[in-house]
Structures are given as structure tokens and as C-alpha cells.
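A quick write-up on the structure given underneath.
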There are 2 protein chains.
Amino acid sequence: MADHVQSLARGLAVIRAFSAASPALTLSDVARATGLTRAAARRFLLTLTDLGYVRNDGRLFTLTPRVLELGYAYLSSLSLPEVAAPHLERLAAEVHESASVAVLDGEDVVYVARVATARIMRVTISIGTRFPAYCTSMGRVLLAALPPPALDAYLARADLRRLTSRTVARPAALRAELDLVRARGWAMVDQELEDGLRSLAVPIRDRSGATVAAVNVSTHASRMTLPQARRDLLPCLQATAARIEADLTHS
Amino acid sequence: MADHVQSLARGLAVIRAFSAASPALTLSDVARATGLTRAAARRFLLTLTDLGYVRNDGRLFTLTPRVLELGYAYLSSLSLPEVAAPHLERLAAEVHESASVAVLDGEDVVYVARVATARIMRVTISIGTRFPAYCTSMGRVLLAALPPPALDAYLARADLRRLTSRTVARPAALRAELDLVRARGWAMVDQELEDGLRSLAVPIRDRSGATVAAVNVSTHASRMTLPQARRDLLPCLQATAARIEADLTHS
DNA sequence: ATTGTCTGTTCGCTATGCGCACATTTATTC
DNA sequence: GAATAAATGTGCGCATAGCGAACAGACAAT
């Protein structure tokens, strides 16, 4: 492949070999996880260690906080996370639930801001977390705003699978859901990503009216019925989106 | 240099060329910022674009949310940010000021969790933000906990410069400050990082008693006097640290 | 039209990064 | 403790991955 720097691609794969499930890896772990030879994996790990992105205790390699620098460039270049943050804090304090902002990236939503009040999911959510767009409230909001060709392309590409017994995974049913989102201006997703997880999202629009992100509140089925969620959360959520939009217009 | 993959180091430098000040760059901008030839810069940008970390509108290159994935591995592998997040939300709601958690990395503190109530600094703080340890409240807490040889090494290495007229930048004076921090168990930094910025930090310790992070609240000089800050913020901060520590013990 | 700047392309070249084989160290099993 | 297995470290010949240079084409400014 012309104009492709294989060593960079391989080195980045080494960074991605680390995860919540595997925070600390031996040289051989990394080689296995990436498919590289031990000698190559070692060279990449040593390079990353020299650069300060990885540390080594003599046996196990771990990432250092410096890798955040690679994502920080993205976060700091977006006004959205910074503008949204105080509004999310206010929203979370008001409704006593976790609140987040995400953008669409490929087939996923990516969290770019979050205030967490309590953990209600099996997995950790933090900045950078990705979930499939089709079965998340923020993803629904963002997909609903796509132009038809882009939505067609998404549906053609996306791996629509059921994650729970309630996941809407058939393209026709998903399109119907998105029609509803468009009509109402908000999305409620009930236990489609994970059993027990309920979330409600509304769009964040820029001055031209284009949906650029979504803001949501998530709760647990044991805490709130669907009508309660709508009644109690939707007005606050819409007000928060409006405030974020107003502030984005000034930045 | 043996065992050093130059292309990886160069490719990572290309990612770091993007910043809040330069969110979108042309090929020539990247080449200038990194010192690479245009041909090399182009190859790296095309590789990063193929991998999904960079996008291009025909002229300007920008980072995509996917670069967050490179730091997410670090964040998700640490229990601290996840454990701290709801406690920070509560603290921020209680004192109506921004609250953060940071760790020491080299000469800097790096923010790993944060709930922002309002912006009080000239620059954006988000996850991944780095500031010099010596003139920040969390940095002081973390430095105070270093064993003497490590503190000596820090002072030998660190570029101690005055950032404001109040910055304590002489090694002897800084040592005296750190003695105070040790004696009191908290650090107050008043307008040493930036005019107007006041912050108060306490340590977060693990079960062995080692300081592993710091938690702080930051305010503005126009909002709170020093005695008020101490009176109003310190008890909440210490309680928050205790709660975080208790939760860390269980994870 | 001319000039300057930027981006894309091609290509010969070489040095960068490769994998392999072996040595050494560490961990595991009996 | 001894033997074995697994993991890591090292050196090296080699070839190809990545290099920079030069040129062409596109675009912007005068």
C-alpha cells in the first residue's frame, strides 16, 4: 500500500492492545494481542517507553498518563466539551443522574463530556468511550439527523445485532424508531444496550440548525418508569441543550 | 538508536501537532510543526487518515474522535477516575466549584477526572490536561508525598519558572511549602499558576497509605478569600477524599 | 499572464526495521 | 534442588519500507 507507514500503524496497534481487561501486559502478551513478532513488539514497546507513553516494571508494560495527550489535542480543539461541561454538572445535580454528551464517529457514538453520579452499567463510561449508535439514545438522535444517503450508508455498514432481548436491530424497525425521534425531537432507549439501562437524549444543534452532538441522561429501570423518565428528565434535558447551544453560539 | 522505531515516534509527533491553537492543519503546517519533509508528513497523515484518527476535507486535516481511543485504554484501566467521578459530582454540587483529580507524571500533574462548574482559567482544562506540578495545589500534594530522593530528582529536573508574580519558584522556598503541606495534610495555591486562580487540594491514598493521586477544588480570587476557601472547602474536600479512598479499597 | 505557494506523484536509493537464531533469565513442574 | 518450559534480551544479515528530491499540476495573489 503506497503512502502507508506500516510502522506507525503497528505502533498504534500496540497502544490499543492495552485495555480495561488488560491494563498491564508482558512483551509476549503484546506480541500475541497484535500479531507481531516478539522482536517487533519489543521494539515498539521500547520506543513508546522512551517517548513516555508506556512504562515498564521489569516485566509488565503499562500505559502512562501521557497517552492522554494524544486525545487531549482532539478534546481541546473542540469547543463543545468545554462549553458543555458546566451545563452537564448542573443537569446532573438537578436530576441526580449521570449526564453525557457524545458525537457520532463512524458507526459509534463517542463520549466527549460526562458527569457521572453513580455507576449503572456493567462497563465503565468515560471520555473516549464508544458504543454502537443504533441502540443508544444519543446515537438515535444523531442518526435521525443524518441525510438519507448517509443513513442508508450507515445501515449498510453497521453490524446491527441484538445486545439484549429488547434491542431494535432490524433496519426497518430502526428506521421507524428514527422517524419517531425526528417527530418528537428526542430519543428514549429502554434496555437496548444493556438490561436495566434507560436513557433519554436530545440533539445539540449549531447555529445553522445542524445536529452536531447529543446530550443525554441515563438512569436505571429500577429507579424510574418510562413515563417518569420522560416527565422528569425531558424538560431539564431540553433546557440544558438550549443552554449549551446558546453558549456554543458565542464561542 | 537501537530498538527505536523512528517512524512511530514521527507519526506520534504528527498527532501532537494538532492543538487547541491549531485544530485544523494543512499538510505544510504539519510538516513545519514537526520538522518533517512534506512527503513524510503526507505519508503519516494519510496513514492516520486510513486508520481513522485523522480526517481531511480536501485541504485541512483534523483529528477525529477516534484518537480518544488511544487514551481511553489508560483511563479505563485505572479504577481511580471511575471511582472518583461520582464523588467529584457530589463535591462540585456541594461547593459550587469545579473539582478535579490528578496524578503525577514526570514533572506535571495530569487531570484524570473532573467536574467543571464554570470556567475560571484562560486555558481549557479537561481530562489529559497537564500543568507543572510545582505551582498547582494537586502537584504540591503529590510532590510532598515523594520520597526525598525522588523529590531531589524532581527539583533537579523541573523547569521552575514564575508564571505569575506570586509563583514560588525557588527550590528552597518550594521545599518549605512542601514541608507545610506535609504538616497540614493539604495544599493551598494562590494565584501561582494563573492570576486569580485559587485552589485547594488534598491527597488520595491507597490502602498502604501511599499517596496515589490528589483531589482539588478551584475557585477564583474574586469569589472567595483565602480564609473562606479554607473554611468552606477543606472539610468537603477531605470528606470527598475519604470517600474516594474507601471506594478504592473495594475495587 | 506571471509569480508564488501548496499538494500530489514518481522513483532511485539506503537506512530503517525486519525476523531469525541464539543466549540468558525467569517461571514452572516434579 | 534439578530439569524443563517459557519468556525476554541480543546481535546481525538482509531486504524492503520509508526516505527525500524533483517534477507536475493546481490554486491563489498580483
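All values derive from a computational prediction rather than experimental measurement. Within every chain, numbering begins at 1; the chains are lettered A, B, ... in the order of the sequence lines, protein sequences first and strands thereafter.
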Self-check item: Gap separating the OH atom of A/Tyr134 from the CG atom of A/Leu163, nearest 0.5 angstrom
Solution: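 That separation rounds to 4.0 Å.
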Quiz item: CZ of B/Phe44 to CZ of B/Phe61: how many Å apart, nearest 0.5 Å?
Solution: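 Separation between the atoms: 13.5 Å.
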Quiz item: For the helix from C/dA1-D/dT30 to C/dC30-D/dG1, what is the angle between the axes at its two ends, each from 5 pairs, rounded to 10°?
Solution: 50°
Practice problem: State, to 0.1 Å, how close B/Thr249 and B/Arg207 come at their nearest heavy-atom pair, and which atoms those are. | Solution: O-NH2, 3.1 Å
Euclidean distance, atom [atom1] of residue [X] to atom [atom2] of [N] [Å, nearest integer]:
X       : N      : atom1 : atom2 : value
A/Leu27 : D/dT10 : CG    : P     : 12 Å
B/Asp3  : D/dC12 : CG    : P     : 13 Å
A/Arg42 : C/dG17 : CZ    : P     : 15 Å
A/Asn56 : D/dA7  : CG    : P     : 16 Å
A/Arg59 : D/dT8  : CZ    : C1'   : 11 Å

Quiz item: Hey, which of B/Leu48, B/Val30, B/Val67 is the one that makes side chain to side chain contact (heavy atoms under 4.5 Å, CB included) with B/Val54?
Solution: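 In the set B/Leu48, B/Val30, B/Val67, the residue that makes a side chain to side chain contact (heavy atoms under 4.5 Å, CB included) with B/Val54 is B/Leu48.
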Quiz prompt | Partners passing side-chain hydrogen bond (donor to acceptor under 3.5 Å, both in side chains) against A/Arg175 (at least two apart in sequence or in another chain) | solution =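 A/Arg175: side-chain hydrogen bond (donor to acceptor under 3.5 Å, both in side chains) contacts with A/Asp152.
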Quiz item: Does B/Arg114 reach the main-chain N or O of B/Ser100 with its side chain, forming a donor-acceptor pair under 3.5 Å?
Solution: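 Not confirmed, B/Arg114 side chain does not pair with B/Ser100 backbone.
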Quiz item: When you look at B/Tyr72 and A/Ser126, which way does the side-chain hydrogen bond (donor to acceptor under 3.5 Å, both in side chains) test go after all the steps?
Solution: CA-CA 8 Å; B/Tyr72 180 63; A/Ser126 62; 4.9 Å; no
Enumerate the protein-to-nucleotides 16-24 of chain D contacts in which both atoms are nitrogen or oxygen and the separation is below 3.5 Å.
{"from": "D/dG18", "atom 1": "OP1", "to": "A/Gln6", "atom 2": "N", "distance (Å)": "3.0"}
{"from": "D/dG18", "atom 1": "OP1", "to": "A/Ser7", "atom 2": "N", "distance (Å)": "2.7"}
{"from": "D/dG18", "atom 1": "OP1", "to": "A/Ser7", "atom 2": "OG", "distance (Å)": "3.1"}
{"from": "D/dG18", "atom 1": "OP2", "to": "A/His4", "atom 2": "O", "distance (Å)": "3.3"}
{"from": "D/dG18", "atom 1": "OP2", "to": "A/Gln6", "atom 2": "N", "distance (Å)": "3.1"}
{"from": "D/dC19", "atom 1": "OP1", "to": "B/Arg10", "atom 2": "NH1", "distance (Å)": "2.9"}
{"from": "D/dC19", "atom 1": "OP2", "to": "B/Arg43", "atom 2": "NE", "distance (Å)": "2.9"}
{"from": "D/dC19", "atom 1": "OP2", "to": "B/Arg43", "atom 2": "NH2", "distance (Å)": "3.1"}
{"from": "D/dC19", "atom 1": "O5'", "to": "B/Arg43", "atom 2": "NH2", "distance (Å)": "3.3"}
{"from": "D/dG20", "atom 1": "OP2", "to": "B/Thr37", "atom 2": "OG1", "distance (Å)": "2.8"}

